[in-house]
Amino acid sequence: MAIECDVAILGGGTGGYVAAIRAAQLGKSVVIVEKDKLGGTCLHRGCIPSKALLRSAEVYADIKDSASYGIETSGATLVFPKVQERKEAIVKQLHQGVEYLMRKNKITVLHGKGRVIGPSIFSPKSGALAVELDNGEMENVVPANLIIATGTRPRTLPGLEPEGDKIMTSDEALRMDDLPGSIIIVGGGVIGVEWASMLSDFNVKVTLVEAADHILPQEDQEIAAEMKRLLVKRGVEVRTGCQVMTNTYTDHGDSISIDIQSSAGNETLSAAKILISVGRVANVENIGIENTDIKLSNGFIEVNKQLQTAVPHIYAIGDCIGGLQLAHVASHEGIRAVHHMSGETVHATPDQFIPRAIYSRPEAASVGYTEKQARDLGYKVKIGKFPFQAIGKALVHGHQEGFVKVIADENTNDILGVHMIGTHVTDLISEAALAQLLDATPWEIGQLVHPHPSLSEIMGEAMLAVDGNAIGM
């Protein structure tokens with residue numbers, strides 16, 4: 001007999017389980033179908049485990065620099081298996097927390113592979129799910145509304161598919177038993193930069209290769225330039241404007257080599273391993289989309305502003321619909337989808353109001369338009385910048401690199417974008433996001449009394465700097 005419910009969710013990642021909780025809070029009966037573990041990529045193969053490793057790398061770097069704080073040590077020993085154990089313990093604790101939330105909210109969880117089916121004896125319309133459970137049995141779920149939240153997986157390059165222990169994506173890298181002596185990272189976006197920072201702090205020789213003219217091509221160019229400068233200062237070799245020639249990949253047994261091509265000519269790079277970090281592709285295969293009228297665009301599921309697919313009672317959220325592939329975006333979309341199917345009027349949050357974070361050392365964070373984007377859109381901009389070296393708490397922390405940059409509309413005074421690089425900026429960006437959401441002006445944020453000494457003081461100073469009124473410099 002089929003399970004009937006108000007909402008079925010295909011995929012129990014961050015977007016899926018948050019949508020399930022909100023639907024249950026609204027009194028709906030909810031079924032989640034998950035083929036792996038609740039929490040999805042973010043909890044098991046992305047956000048959380050990578051940040052756990054990054055934190056260990058940061059602590060190790062601080063210990064190596066302890067003499068600058070007046071603390072002399074006889075030498076720190078990195079025990080990477082212990083680092084991995086800590087990471088796994090954090091993931092396990094959070095996974096247990098998600099499982100508890102499912103029980104608390106009386107959400108039914110089916111562990112297995114789900115496929116959307118067309119009209120059948122179970123339902124006259126498409127959108128029911130046929131589920132092959134982990135125990136081999138079959139179950140059918142017939143919901144009033146379906147949410148597809150199947151996420152993404154790392155994109156690979158032809159000829160550089162993960163194999164053995166030499167070619168990796170972030171999935172394989174997170175499972176490393178030990179650290180290589182050297183590594184080539186292909187792709188200088190967010191994930192590539194985070195891994196470059198982490199592995200460099202773990203004393204791995206890193207070469208970062210990016211096809212664009214600068215790393216972090218989606219970020220403000222001044223932020224990208226500062227990140228490159230600081231990574232290079234730490235010993236990371238950065239190659240930009242370079243294409244990887246995949247057909248030249250060679251496994252030498254104890255090392256690998258590959259050629260890169262740029263306007264300056266060809267260069268052969270060698271290392272112990274290679275990490276491919278060139279984006280992600282949607283998990284839309286083998287989930288039954290062909291049994292519906294759902295449309296794809298560039299490999300991602302098409303949705304309208306209400307997150308409905310071409311089949312109105314089937315929604316899609318998170319990474320599988322493209323756009324900003326961020327866990328907090330997926331969660332927000334899940335909540336919006338549930339409220340819309342409940343008959344409520346919902347409003348999408350524009351992409352420029354969504355904060356973005358990079359957890360390297362130093363961190364970077366941003367919200368809104370880059371300077372180039374703002375100018376390309378025709379805005380007449382004015383800019384305020386303020387350095388961390390003029391912030392007392394940054395000096396106390398021992399990390400004075402970086403700055404905050406505010407971009408404002410000269411005609412209306414609206415904040416168009418805020419971009420940061422420096423210590424703990426991923427914890428500071430929410431103030432800028434709130435300022436944009438509330439349509440605040442730089443002057444208004446500059447009037448907010450920030451505690452002293454605190455890193456947050458830099459936000460007020462950068463806002464005041466837009467009109468030349470910064471106090472601290």
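Source: prediction; values computed, not measured.
Checking T169 against E172 by side-chain atom types alone, a donor-acceptor pair falls below 3.5 Å. D213 and T240 are not linked by any side-chain donor-acceptor pair at a separation below 3.5 angstrom, with hydrogens and angles left out of the test. There is no side-chain donor-acceptor pair under 3.5 Å between Y369 and D220. With no hydrogens or angles considered, a side-chain donor-acceptor pair links R356 and S366 at under 3.5 Å.
Two residues are said to be in side-chain contact when any heavy atoms from C-beta on lie closer than 4.5 Å; E132 and R115 fail this criterion. A 4.5 Å side-chain heavy-atom check between F202 and S56 finds at least one atom pair inside the cut-off. The closest side-chain heavy-atom distance from I294 to I148 is below 4.5 Å. Residues T207 and I183 form no side-chain contact, since every pair of their non-hydrogen atoms from C-beta on lies 4.5 Å or further apart. At least one side-chain heavy atom of D62 sits under 4.5 Å from a side-chain heavy atom of H399. Side-chain contact check for R361 versus L54: every heavy-atom pair is 4.5 Å or farther apart. The shortest side-chain heavy-atom distance between V7 and S29 does not fall under the 4.5 Å cut-off.
With a 6.0 Å radius and a threshold of 12 heavy atoms from other residues, nucleotides or ligands, K51 has its NZ atom above the threshold. Crowding of N247 atom CG: a count of heavy atoms from other residues, nucleotides or ligands under 6.0 Å exceeding 12. A 6.0 Å sphere centred on CG of D376 holds more than 12 heavy atoms belonging to other residues, nucleotides or ligands. Open room surrounds CD on Q218; 12 or fewer heavy atoms of other groups in view lie less than 6.0 Å from it.
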| said: salt bridge (charged side-chain N to carboxylate O under 4.0 Å, His left out), that's the test. Do R153 and D171 meet it? Break it down for me. | reply: CA-CA 9 Å; R153 62 186 183 277; D171 284 359; over 6 Å; no
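Looking only at distances, no side-chain donor or acceptor of S342 sits under 3.5 Å from a matching main-chain atom of E344.
Using a 4.0 Å cut-off between charged side-chain N and carboxylate O, R45 and D36 make a salt bridge. Electrostatic pairing of K113 and D134 does not count as a salt bridge here, judged by no charged N lying under 4.0 Å from a carboxylate O. Salt bridge status for E401 with R229: absent, with no side-chain N to carboxylate O gap under 4.0 Å. Here E210 does not pair with R239 in a salt bridge; the nearest charged N to carboxylate O distance is not below 4.0 Å. Salt-bridge formation is not detected for the pair E88/K92: no Lys NZ or Arg NE/NH1/NH2 atom is positioned less than 4.0 Å from an Asp or Glu carboxylate oxygen. Of the charged side-chain nitrogens involved, at least one lies within less than 4.0 Å of a carboxylate oxygen, so that K405 and E371 count as a salt-bridged pair.
Paired with V404 under the rule side-chain contact (heavy atoms from CB on, under 4.5 Å), one option of I421, I429, V418, I223 passes, and it is V418.
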